[in-house]
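One structure is given here, and the rest of the page talks about it.
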Amino acid sequence: GEDVEQSLFLSVREGDSSVINCTYTDSSSTYLYWYKQEPGAGLQLLTYIFSNMDMKQDQRLTVLLNKKDKHLSLRIADTQTGDSAIYFCAETNTDKLIFGTGTRLQVFP
Amino acid sequence: KAGVTQTPRYLIKTRGQQVTLSCSPISGHRSVSWYQQTPGQGLQFLFEYFSETQRNKGNFPGRFSGRQFSNSRSEMNVSTLELGDSALYLCASSLDTSYGYTFGSGTRLTVV
């Protein structure tokens, strides 16, 4: 079945890079997404990657996709305190999103 | 450009009651989907509508239903509420899968 897994917590120092990892099981996924959720808020789409791409860069965000290992990562360069949130990866091959458990990123000064 | 609007933001209901939540998608988006978020189960897909037709449905009991109107606005209904239905209900609209899904701020439902 479809399953998406993420580590639960990540703590980084302000100014360092953060790398959030995700693994998925559905080899027929077409798009993979990264969403950010701040307390009391909905989900904010950060970036996404098509399954035939290896990498996508968008300002401070870099997404790497290893389709063979079904591994997705999100790198945030120069992490700021405002980046503290829960980050969800999600995959789709139909008209629904399958979400990971979310990774809580804590940024300390 | 207005985002996805969900109303109400907060709702408190009693067990056994029913509730209707509303979602207005981004103008031009014809796909609307609903998700339930709880601490225990995470984010789970409820259903997806496109041009007033339900295209996909998650593994939820029949107490959960939805519909979409000709203007793409969508409602979801939960009947005979249970304590376990307490959750954040999120609506997302999409122009096309390749453009991603835009979420609203959600409706927080508390069942007492």
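In what follows, every chain begins at residue 1, and chains take the letters A, B, ... in the order their sequences are listed. Note that these values count all heavy atoms, side chains included, but never hydrogens, waters or copies made by symmetry.
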Is there a path of hydrophobic side-chain contacts, each under 4.5 Å between heavy atoms, that joins B:Leu83 and B:Val78? yes
Please tell me whether A:Leu46 and A:Phe50 are part of a single hydrophobic cluster in this structure, the criterion being side-chain heavy atoms less than 4.5 Å apart. yes
For A:Gln44, is it the side chain, the backbone, both or neither that has a heavy atom under 4.5 Å from a heavy atom of chain B? neither
I'd like to know if A:Tyr24 and A:Leu64 are part of one continuous hydrophobic network [Ile/Leu/Val/Met/Phe/Trp/Tyr, side-chain heavy atoms within less than 4.5 Å]. no
Side chain, backbone, both or neither: which part of B:Leu43 has a non-hydrogen atom closer than 4.5 Å to chain A? both
When hydrophobic residues are tied together by side-chain contacts of less than 4.5 Å, even through go-betweens, does B:Leu11 share a cluster with B:Val4? no
Is it the case that more than 12 heavy atoms not belonging to B:Arg15 sit under 6.0 Å from its CZ atom? no
For the atom pair CD (B:Glu48) and CG (A:Leu97), what is the distance rounded to the nearest 0.5 Å? 10.0 Å
Contacting moiety of B:Arg9, where chain A heavy atoms sit under 4.5 Å: side chain
Is the distance between the ring centroids of B:Phe103 and A:Tyr35 under 6.0 Å? yes
Atom CG of A:Leu61: over 12 foreign heavy atoms under 6.0 Å: yes
Are A:Phe99 and B:Tyr35 an aromatic pair by the rule of ring centers under 6.0 Å? yes
Should the heavy atoms of other residues, nucleotides or ligands under 6.0 Å from CG of B:Asn59 be counted, would the total exceed 12? no
Determine the option with the most heavy-atom pairs under 4.5 angstrom with chain A, choosing from B:Gly106, B:Ser33, B:Ser105, B:Ala92. B:Ser105
Selection from B:Gln44, B:Gln37, B:Gln41 maximising heavy-atom pairs under 4.5 Å formed with chain A: B:Gln37
Region of A:Leu45 in contact with chain B, defined by heavy-atom distances below 4.5 Å: side chain
Examine B:Trp34 and A:Leu43 and state if one hydrophobic cluster contains both, with Ile, Leu, Val, Met, Phe, Trp and Tyr joined whenever side-chain heavy atoms are less than 4.5 Å apart. no
B:Tyr101 to A:Lys96 - nearest heavy-atom pair and separation: OH-N, 4.2 Å
Given heavy-atom pairs under 4.5 angstrom as the criterion, report whether the side chain, backbone, both or neither of B:Phe47 touches chain A. neither
Relative to chain A, which segment of B:Gln6 carries a heavy atom at a distance below 4.5 Å: side chain, backbone, both, or neither? neither
